[in-house]
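Heads up: the structure comes next, in structure tokens.
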Protein chains: 2
Amino acid sequence: MPLKNGAALVAEYPKMPVTVDCVIFGFDDNELKVLLIRSDLEKYQGMWSLLGDVVNDTEEIDAAAYRVLDQRTGMTDIYLDQVKAFSHPKRHPGGRVITVAYCSLLNIKHHSLQITENELHWHNVSSITEMAFDHKEILDTCHEWLQKMIQEHPLGFNLLPDKFSLRELQNLYEAILGIQLDRRNFRKKFATMDLLIDLDEMEQDVPHRPGKLYKFNFEKYNKSPRKWIGIDF
Amino acid sequence: MPLKNGAALVAEYPKMPVTVDCVIFGFDDNELKVLLIRSDLEKYQGMWSLLGDVVNDTEEIDAAAYRVLDQRTGMTDIYLDQVKAFSHPKRHPGGRVITVAYCSLLNIKHHSLQITENELHWHNVSSITEMAFDHKEILDTCHEWLQKMIQEHPLGFNLLPDKFSLRELQNLYEAILGIQLDRRNFRKKFATMDLLIDLDEMEQDVPHRPGKLYKFNFEKYNKSPRKWIGIDF
DNA sequence: TTTCAGTATGTACTAAGTACACAATTAAAA
DNA sequence: TTTTAATTGTGTACTTAGTACATACTGAAA
């Protein structure tokens, strides 16, 4: 077997543009939201699109995703996870472009959207029907990813205020999962997990009996071993 | 906001080669195996590498992965799943190459490796220390992906013969997860799932009391609704 | 002071997970 | 032919987690 020179080999490879698209979820008013901008492509005039950009020649795709998040929202210390690559040859009207979808969750109240270029704003996920490119498919994939993730990891807390009531937490889960949960059992579940810190504070400005406020005990969570065995299908 | 022409926009994008790498797991002799070839790059002379190839200009990356699997093993109807994109700018010595890892599981006994180009053969996953490119990292990521997947989906059955004993099934889980399981509880678990069909046949040629043979009831599995709610972290 | 909206909590029941022990079966060795 | 080794096959007591459901409490506003 003749050995090959790497540079000569790679020079022969077909080349194509690669982009990242960020699906940035937020939560407000008991609704799951996603940040979108107006597409600036002729073909998709008036349609909404995810926040994306090309991956530069010497850039990690993770880094490109963080760059997009920073450039579009100004936030830097937020959870970001690669979800999936999308590659249909006709997915971009301008030619072959492969994109890698990233998912991010942020607290709407923490970020006041100073930058509103391209009509950047929050949309209710449930009311989005059509989008530019294959972005609806990417959004749906990320939504399913999120539904799975919030059940296995304490991701949802990134979407809530620092101090939250159990009601808000349950609303978040119900909104993301799209189902109703029994309030008593939901509270019992989190009580037995013992990962919420009771702040001995009460909700303010609610038109009814205020609930207690909690924060998530990330320190305890990070120290506790994950039990990861559980065959179930 | 001035609207842009798609083709003009894409023409400006930086372009780079994209490849797929397939991590093909098998199971034999109570060991998790993976199919590797000898790298044909000068820089990695003598080192082992995953089965990969470039993605062609108008090809879906999924399709490229199936093509690699077919070209290298001759198998066409096998489970294949995208795992993750790897993009370190220096991961390929010949220049910037992004790769998307795919994972596949196949029954070693079903495929006799007619094609043995580049010294293609099965390696014990546990004994692999170093590989060409970032392939060890990709392999590790896929192994973790597999560990998670076999607990949530009946993937492991693709690695076993059509007819298998509960002992073989348990060996598979123990090998992939790297832990010991209680035999009685393991059997009870699968008994209550009620997804194994008792074939009323016995193992042959074992130097001890033969066990019953089973097959997985894919039909029943596919018809049963997934219960997917279960907050737990 | 009553009503409203929502918080807070408990209990009985069911299902699933865990730890553990012994009898039955086959092949092979004595 | 008997014994031994290896492994299959099963059951029970206990603990933990999940589910369904009802009532009392609190604060704000009418």
Side-chain angles (χ1 to χ4, degrees), chain A residues 29-30 150-152 154 160-161 163-175 177 179-215 221 224-233, chain B residues 29-30 150-152 154 160-161 163-175 177 179-215 221 224-233:
Chain A
D29 196 23
N30 289 347
I150 60 158
Q151 298 189 57
E152 299 176 3
L160 290 174
K163 304 172 179 185
F164 52 85
S165 67
L166 285 171
R167 180 35 134 176
E168 288 174 290
L169 185 61
Q170 185 176 340
N171 284 341
L172 173 73
Y173 274 87
E174 290 183 340
L177 299 177
I179 54 173
Q180 294 290 110
L181 297 167
D182 182 275
R183 197 163 50 87
R184 289 159 292 189
N185 294 337
F186 183 85
R187 297 165 87 93
K188 181 158 52 168
K189 180 68 205 170
F190 276 91
T192 50
M193 277 197 230
D194 197 27
L195 286 170
L196 296 183
I197 296 169
D198 184 338
L199 293 169
D200 271 320
E201 290 179 62
M202 292 293 177
E203 284 181 300
Q204 303 291 327
D205 305 316
V206 285
H208 53 76
R209 172 177 176 184
K212 281 187 178 181
L213 292 176
Y214 297 85
K215 65 175 183 176
Y221 171 75
S224 64
R226 305 288 154 266
K227 84 139 205 298
W228 61 292
I229 186 80
I231 300 164
D232 208 3
F233 47 82
Chain B
D29 196 24
N30 288 347
I150 59 158
Q151 298 190 58
E152 300 177 2
L160 290 174
K163 303 171 179 185
F164 53 85
S165 67
L166 284 171
R167 180 34 133 176
E168 287 175 291
L169 185 61
Q170 185 176 341
N171 284 341
L172 172 72
Y173 274 88
E174 290 183 339
L177 298 177
I179 53 172
Q180 294 291 109
L181 298 167
D182 181 274
R183 194 166 52 87
R184 287 159 293 186
N185 293 339
F186 182 86
R187 298 164 87 91
K188 180 158 56 167
K189 179 68 203 169
F190 276 91
T192 50
M193 277 197 230
D194 198 27
L195 286 169
L196 297 182
I197 296 169
D198 184 339
L199 293 169
D200 272 318
E201 289 178 63
M202 292 296 178
E203 283 181 300
Q204 303 291 329
D205 306 316
V206 285
H208 53 75
R209 173 176 176 183
K212 280 188 178 180
L213 293 176
Y214 297 84
K215 65 175 185 177
Y221 172 76
S224 63
R226 306 288 153 265
K227 82 140 207 297
W228 61 291
I229 185 81
I231 301 163
D232 208 2
F233 47 83

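As the structure is a computational prediction, the values presented were derived from the model and not from experiment. Numbered from 1 within each chain, the chains take letters A, B, ... in sequence-line order.
Residue side chain B/R209 reaches the base of C/dA24 through a donor-acceptor N/O pair under 3.5 Å, judged by distance alone. Within 3.5 Å, a donor on the side chain of B/R183 pairs with an acceptor on the base of D/dG9, or the reverse.
For the pair B/N185 CG and D/dT10 P, the interatomic distance rounds to 15 Å; values are reported in whole Å. The interatomic distance linking A/Q170 (CD) with C/dA8 (C1') rounds to 13 Å, in whole Å. Protein atom CD of A/E168 is 10 Å distant from nucleotide atom P of C/dT7, rounded to whole Å. A straight line from CG of B/D232 to P of D/dT16 spans 15 Å, rounded to a whole angstrom. A straight line from CZ of B/F186 to C1' of D/dT8 spans 14 Å, rounded to a whole angstrom. The CG atom of A/D205 sits 15 Å away from the P atom of D/dG27 (whole-angstrom rounding). Regarding A/E201, its CD atom lies at a distance of 17 Å from the C1' atom of C/dT7, rounded to whole Å. Distance NZ (A/K188) to P (D/dC21): 13 Å, rounded to an integer number of Å.
In this structure, the nucleotide among C/dT7, C/dC20, D/dA20 sitting nearest to the side chain of A/R187 is C/dT7.
Taking for each of B/P210 and A/S165 the nucleotide of DNA chain C with the nearest heavy atom, the 5'-most of the two is the partner of A/S165. Closest-nucleotide positions on DNA chain D for A/M202 and A/T192 were compared, and the one nearer the 5' end corresponds to A/T192. Nearer to the 5' terminus of DNA chain D, by closest-nucleotide assignment, is the contact made by B/K212 (compared with the other of B/K212 and A/P207). The 5' end of DNA chain C is approached more closely, in terms of each residue's nearest nucleotide, by A/E203 than by the other of A/E203 and B/V206.
When heavy atoms are screened at a 4.0 angstrom cut-off, B/R184 is found touching base atoms of the nucleic acid.
Between A/M202 and A/P210 the shortest heavy-atom distance is SD-O, 4.0 Å.
Put simply, the side chain of B/Y173 gets close to the backbone of B/I150: a donor and an acceptor are under 3.5 Å apart. With B/R226 contributing its side chain and B/S224 its backbone, the two residues share a donor-acceptor pair below 3.5 Å. With hydrogens and angles ignored, the 3.5 Å screen pairs no side-chain donor or acceptor of A/Q170 with any backbone N or O of A/R167.
Looking only at side-chain heavy atoms (C-beta outward), B/K227 and A/D232 come within less than 4.5 Å of each other.
In terms of phosphate contacts, A/K189 brings no side-chain nitrogen or oxygen within less than 4.0 Å of OP1 or OP2 of D/dA17.
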